[in-house]
Each structure stands twice: as structure tokens, then as C-alpha cells.
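Take a look at the structure below.
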Number of protein chains: 2
Amino acid sequence: MVDRTGHRTVPETPRRTDRLSGPRYGNRPTMKDVAARAGVGLKTVSRVVNGEPGVTPETERRVQESIDALGFRRNDSARVLRKGSTASVGLVLEDLADPFYGPLSRAVEEVARAHGALLINGSSAEDADREQELVLALCARRVDGLVVIPAGDDHRYLEPELKAGVATVFVDRPAGLIDADVVLSDNFGGARDGVAHLIAHGHRRIGFIGDMPGIHTASERLRGYRAAMEDADIQVEDAWISLGVTDPERVRRATEEMLSHPDPVTAVFAGNNRVTVTVIRVLTEQSRQVALVGFDDIELADLLQPGVTVVAQDAAALGRTAAERLFRQLDGTLRAPERIELPTRLITRGSGELPPAD
Amino acid sequence: MVDRTGHRTVPETPRRTDRLSGPRYGNRPTMKDVAARAGVGLKTVSRVVNGEPGVTPETERRVQESIDALGFRRNDSARVLRKGSTASVGLVLEDLADPFYGPLSRAVEEVARAHGALLINGSSAEDADREQELVLALCARRVDGLVVIPAGDDHRYLEPELKAGVATVFVDRPAGLIDADVVLSDNFGGARDGVAHLIAHGHRRIGFIGDMPGIHTASERLRGYRAAMEDADIQVEDAWISLGVTDPERVRRATEEMLSHPDPVTAVFAGNNRVTVTVIRVLTEQSRQVALVGFDDIELADLLQPGVTVVAQDAAALGRTAAERLFRQLDGTLRAPERIELPTRLITRGSGELPPAD
DNA sequence: CTGAAAGCGCTTACAG
DNA sequence: CTGAAAGCGCTTACAG
């Protein structure tokens, strides 16, 4: 639509259905339109839009007037195609709604922002196929880099992408069957310290309720539990260990079973935040006092009676470390893939210092 | 790099620095490379890659072999440019790390996924300038639609974009000075019900501790408080109301002040989740029992002593409703902007049913 | 069934 | 200081 003064006119009412018909993103003006209206060349518009030097003030003014009048905004999709860098990073995690991933995502976002990149976010829902689908969709969009909290344990599908130079860092759990950067919490050491803390407070019969054994964090924490028990020369009984999905029903049943044994555990080590919450519910219903240490901090843990002793990991630090490493890969300052382990911190609040109830 | 059989060779070690120098995204093969290797035309490769009909099995096999050998993956950046739809939606919220936004983001993501779109996520950090910067960056990327939890109260900067047909839905707080779709919780009604609940349990001196008065949700909830008090013919005293930032120090001071008055409040209505948490901390330190109802549910609220009575909003429903409306805008099935209000739910757990301590 | 040409909206490399 | 041409990697419209 061009009126007789040569000005492109924009209809007052947005014609929304147009967006789907043509390739012109609604009907947004392009640099070509701006150039035509201002009576200059395309490259001059590009110079003004990008603040490049070499444009007389008068020309610049004319171009700027044209930009404002048409409501022009540079199409970064086109820019990206030509420049070869999308200035975006992909983050694939288990579930955006899980409070553990909030601070992690935010930390990745902040580092990306400092490098001028946007964040594309996706939840794998702990499904390996969905993880792969998401990761490959992000590769197809040519994100500059990828931060992945893996759901699956076979990442060979990423090999061509890594070869092609897609920067990638795995977080929270290692990559499977490929050599890649990974940033983890010290799950083994954290769990060992938490269990040792219970032992130091007189417990010997200690239960471990954890996530599915296939998950790296779950098996590492179990290994930490076993190491602490072995260090104290305690023979672990099968009935003290329960692994599986972390939904409340399963965890509740496991906890109640463990506590109803003839010779029950006097303390429980909970394998992650979801497990801890359910175990607390069950313990408050018991007549007997049972000590508890949980892996992962939870909100309001200090306000419960007793306060909940936890092994805390620093989710924000995990995200920050991974994202920084990603951008160092992109700088080219990095050589071989590394495995970085972040320390955990035992926070004592009461539940882990309860003596055995005998 | 082409060897003597005409095959493009890929170096074993990824030359990562290459990514930044040229426009070829690392050195990924393109459809042209695939076509050359397979000895077919570009369009034939496009047909195979997109599963279009009209390719003989033998040709398809040759193309597929070439794709696999080269590690080709379609560049969606280029596709997007030509097709005019980026199959992505932008979500701008206050802080990804805030637990309220986790379920909301996830809900938006799920709806986007059902429509084949990815989610680009950004935190405004409650800063109007940063909100605008993010929103406009997303517009430049030509996202198909935008879900915005606004930090600022003037969104006229979005007018050219709306005119150009960018689908937009505001959530949690309304848009400022422009006409746009908005999905809100019934902040007024929820607060009024919560306060009425305290009045029904015998309270007359009820405090209100809320967020900054400029924030829409904060003022609506205060309005609900006032309405409930007026319905009960209670004259509100100035000392019962405290508005401001929600950091723990400010809220703690406000709560303690309110409780140390000669004739102190017997109940507190907390304006949001962050306020509630701090108020709980202060109340547990008091010798006197003070009733509490909080706006927003918080995790473990049922495990505290007493359980925390809250006015819960459904964050996931807010996100889902907004995203669905966004895609209906894109369908073209929507006319005028609307304001949708979602109900809240009073959850009684004990703290709101405590009688006045006299 | 197949493919060459044009084009999406920018930037790059170059010439005037 | 300014701009025409070529190109980024795809898809579209069309011709054979």
C-alpha cells in the first residue's frame, strides 16, 4: 500500500490474519521500504540502524524520520542468517516448574545476557526422547550454545553437532557415551557428609530413600550413603534402602514400611527435595522421633519443628558455572572437555541432630 | 575442504574459533552440499528433508545417505526467514528464580509446544527499562507472540508492534496505556475473602502488609482488604496498613511495629508469598498468638504449626490461559482485547482460624 | 519426478 | 560519504 506521496501506509486495524498468509511477518516495513521513503540506498539505512559511522547528520535525520514514520524494527532473523551467530543459547532442563531449576535458569540467563544472548528454554519432562527432540530443535535453530540437564543417558545423537562446533555443557548429570563438559554438585561427598552427620549423632540404623537408580545423582548419593556407613563399620540392611520414583505415594509407602519394621531405622537420609517433603509429612505423623537429613535445601525448612537439616547444593552456581564455561568454549579459549564438581554445604537446623529414639 | 572423491571432509577436531569468523555456523554442510554430493538438485534435497512427496525411493536413498554422511541438519534460521513465522513465543517475567513463575512458565511452554513453538524466556528483574529492552529484542527476533508479566506501567512502546500484528497477552498485571489482552487473578476478590475470613473468626483489628502501592496486584489486594473491612463496618486505622518493598528487612520491621502498638492488631493479612514467609518468621517469635492469612500459596505451608491459611492463585492456569489466548490471536479467531479474571481459592489450614488473642 | 531461478531481509565486500 | 551487487541457507512458484 503506497499512497500518492510515495509513503507506505499502514492500516489502522491490524490485519492479523495476514501474518499467516505471507512471508512478510505481518506487513512490517523492511530496510528497503525505509530506504525508498528516505530516498537513500539500502546500505545507508543499515548504517543508521546499526549506528555505523559515515553518514551525514542530514542523511541520518531523513533515515531516522523514515524509520519512525514506518515503525521499522530490524528483523534479527535475517541478520542472524547473514552473521552466522544467533546470539542465543538453549537450556534444556527437566521441568521449569521445579523450584530447583528456577535459580539455575536465572543464572544461565544472566550470563547469557552479559554476552548479549537470549535464552531459549525447554523442559524434557525427564523423558529422553523429548530431551533429544528439544536439543536437536535448538541445534536446528543454530543456537550458539547449549546447556543441558540430561534426562537420557545416551547422547551420541549429539556427536555430529559437537563436531560442527555447537558449544555444549551438561549440568547436574554427566553426558552419556560422549565426551563433553559437565558441571556437577559433589553428590557423593554431600551425601556421605550428611549420613556421617547422622552417625556422629549416634545413629546406626539409617534409611536411604532416593530417586530411580538410573539417575546419576541418585546413584552417586547412594554411593555416598554406603561410603559413610562403611567408614563407620555399619552393615547396611536391604530394608534400609528404597529407590524409585519420587512421587508422594511411592515415597510415603517406602517411608512407612521402613518405620514399621520390627527393628526400625532411627534416622532417614532423603535423596532429594521432593523426597524430603514427603518424608517430613510421614515423620510428623509418627509418635516416635526420627532424625532426618535431606539432600537439597527447601524453602521454610528453618520454620518447621524441628528445622530440617539439609545438604544444600548451590543451583545458581551450577547454572552460572556452566554458562560461563559455555561462553569460554565459544571464545575458543577452552581445550579438552572437563568435569567440574561444586561443593555442597551441610546446614544443621535440628532434624539431623535428634538422637536415636530407643 | 573437498577430497578427491568429491566428498566434503569434516576435520576430526572441531575448529571452534571458526564459528566466530565466518558466516557458516561452524562449518556445517548446507542443502547445497548435500545436493552436490548426492548429484541432485537443491529442491530435491529440500523435498527429502521435509518429507514432501514426489521423490523416487532410489533418489531419496541417495539423498539420505548424503545427509547422514555429511551430518546435515536443516538450518531453521534460514527456513524461518523465508516462511515468515519463527515458531517461537517470548515470555517476559519478573524473575525466573521466583517459585511463582515456575509453573506459569511451564504452562506457557506446554501450550507453545502443542503448537510447535519454542519458548524464549527473559527476566525483567522488576525493571521497566529492562522489560522494554527484552520485549523489543523479542520483537526484533520476530517471535510469533509475546506473553508479558509487566514490570513497567507504560507500554505505549509496544504500539507499533501491536499494529504490525505481534500477538500479545499480558499476565498477572494489566498493560499500561495501551489496549491489550490481559489475564489476571481476582486479586480484589481473593483479598476481600481472605480478610472476611479473619473477620468471621472474630478479628476486628487486622493488619495489611503488602507490596509497593504502584504494583497493580498490590493495590487491588489492598482494595479487597478495605472492602472487607468496610463490609464489616470496621474503621481501618493507618497504623494497620504497611506498603513497600517485600524484602525481609522492611517486612520484618513493619510487622514488629504493627505488633508493638499499644492496641495491636490480632491478625495479619500478608500481601504476597514473600511477605507471608517473613511474617511467619516474626510471628513465631511472638509470645502472643496472631492470626495470619497470606495471598499466594507457599510450599510446606501445611506442615508449619499452625498450618498457614492462604488465598491461592493458580499460576499454571494463568500461564495456560494466556498462552491459549495468544494462539487464538494468531489463528485470527479473536477480535477485541479482553480482560480475563481467574478465581482464587481460600485454603484453610489453621493460622487463619486462630481466634483473637486478648 | 526433478530442478533452476527468484526471493525472504538483512550484512559483507567492494567500488565510486 | 554512499550505494549496487552478491550472498547467508533455506522455500516458493514455476517450468520441464
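Residue numbers start from 1 in every chain, and the chains themselves are labelled A, B, ... in the order their sequence lines are given, proteins ahead of strands.
Using a 4.0 Å heavy-atom distance criterion, A:Asp76 is classed as making no nucleic acid contact.
Distance CZ (B:Arg62) to P (C:dG3): 8 Å, rounded to an integer number of Å. One atom, CZ of B:Arg141, and another, P of C:dG9, lie 18 Å apart when rounded to the nearest Å. Atom CG in B:Leu81 sits roughly 4 Å away from atom C1' in C:dC8 (whole-Å rounding). Between B:Arg142 atom CZ and C:dG9 atom C1' there is a gap of 9 Å when expressed in whole angstrom units. Note: CZ (B:Phe72) to C1' (D:dG9) measures 8 Å, nearest angstrom. A:Lys32 places its NZ atom 11 Å from the C1' atom of C:dC8, with the value rounded to the nearest Å. Distance, A:Met31 CE to D:dG7 P: 20 Å, rounded to whole Å. In this structure, B:Asn75 places its CG atom 12 Å from P of D:dC8, rounding to the nearest Å.
Residues of residues 53-61 of chain B that place a heavy atom closer than 4.0 Å to DNA chain C, in numerical order, are B:Gly54, B:Val55, B:Thr56, B:Thr59.
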Provide a list of protein-nucleic acid N or O atom pairs under 3.5 angstrom, restricted to nucleotides 12-14 of chain D.
from: D:dT12; atom 1: OP1; to: B:Lys83; atom 2: NZ; distance (Å): 3.4

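Partners of A:Glu133 according to the side chain to side chain donor-acceptor pair (under 3.5 Å) rule, which considers only residues two or more places apart in sequence or in another chain, are B:Arg113. By the ring-ring contact (aromatic ring centres under 6.0 Å, His included) test, A:Phe72 is found to be paired with no residue, residues two or more places apart in sequence or in another chain being considered.
Of all heavy-atom pairs spanning B:Gly90 and B:Leu138, the tightest one is CA-CD1, 4.0 Å. A:Val171 and A:Pro150 make their closest contact through O-CD, 3.6 Å (heavy atoms, listed as atom of the first residue, atom of the second, distance).
The number of heavy atoms from other shown groups lying within 6.0 Å of CG (A:Asp153) does not exceed 12.
The residues B:Arg62 and B:Glu65 are annotated as not salt-bridged, no charged nitrogen and carboxylate oxygen being separated by less than 4.0 angstrom. Under 4.0 Å is where a charged nitrogen must lie from a carboxylate oxygen, and between A:Glu60 and A:Arg47 no such pair does. Salt-bridge annotation for A:Arg320 and A:Glu110: absent, with no side-chain N of the basic residue lying under 4.0 Å from a carboxylate O of the acidic one.
Within the structure, every side-chain polar atom (N or O) of A:Thr44 is placed at least 4.0 Å from both OP1 and OP2 of D:dT2.
Checked by atom type and distance alone, the side chain of A:Thr86 never pairs as donor or acceptor with a backbone atom of A:Val80 at under 3.5 Å.
Within the 4.5 Å cutoff, the side chain of A:Glu131 has no heavy atoms near those of the A:Ile149 side chain.
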Ignoring hydrogens and angles, write down the donor-acceptor pairs under 3.5 Å from the side chains of residues 117-128 of chain A, residues two or more places apart or on other chains.
from: A:Ser123; atom 1: OG; to: A:Leu96; atom 2: N; distance (Å): 3.1
from: A:Ser123; atom 1: OG; to: B:Glu109; atom 2: OE1; distance (Å): 2.7
from: A:Ser124; atom 1: OG; to: A:Leu93; atom 2: O; distance (Å): 3.3
from: A:Ser124; atom 1: OG; to: A:Glu126; atom 2: N; distance (Å): 3.2
from: A:Glu126; atom 1: OE1; to: A:Arg173; atom 2: NH2; distance (Å): 3.2
from: A:Glu126; atom 1: OE2; to: A:Arg173; atom 2: NH1; distance (Å): 2.8
from: A:Asp127; atom 1: OD1; to: A:Asp129; atom 2: N; distance (Å): 2.8
from: A:Asp127; atom 1: OD1; to: A:Arg130; atom 2: N; distance (Å): 3.2

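Where DNA chain C pairs in unbroken runs of 3 or more (Watson-Crick or G-U, both distances under 3.5 Å), the stems are C:1-3 with D:14-16, C:5-12 with D:5-12, C:14-16 with D:1-3.
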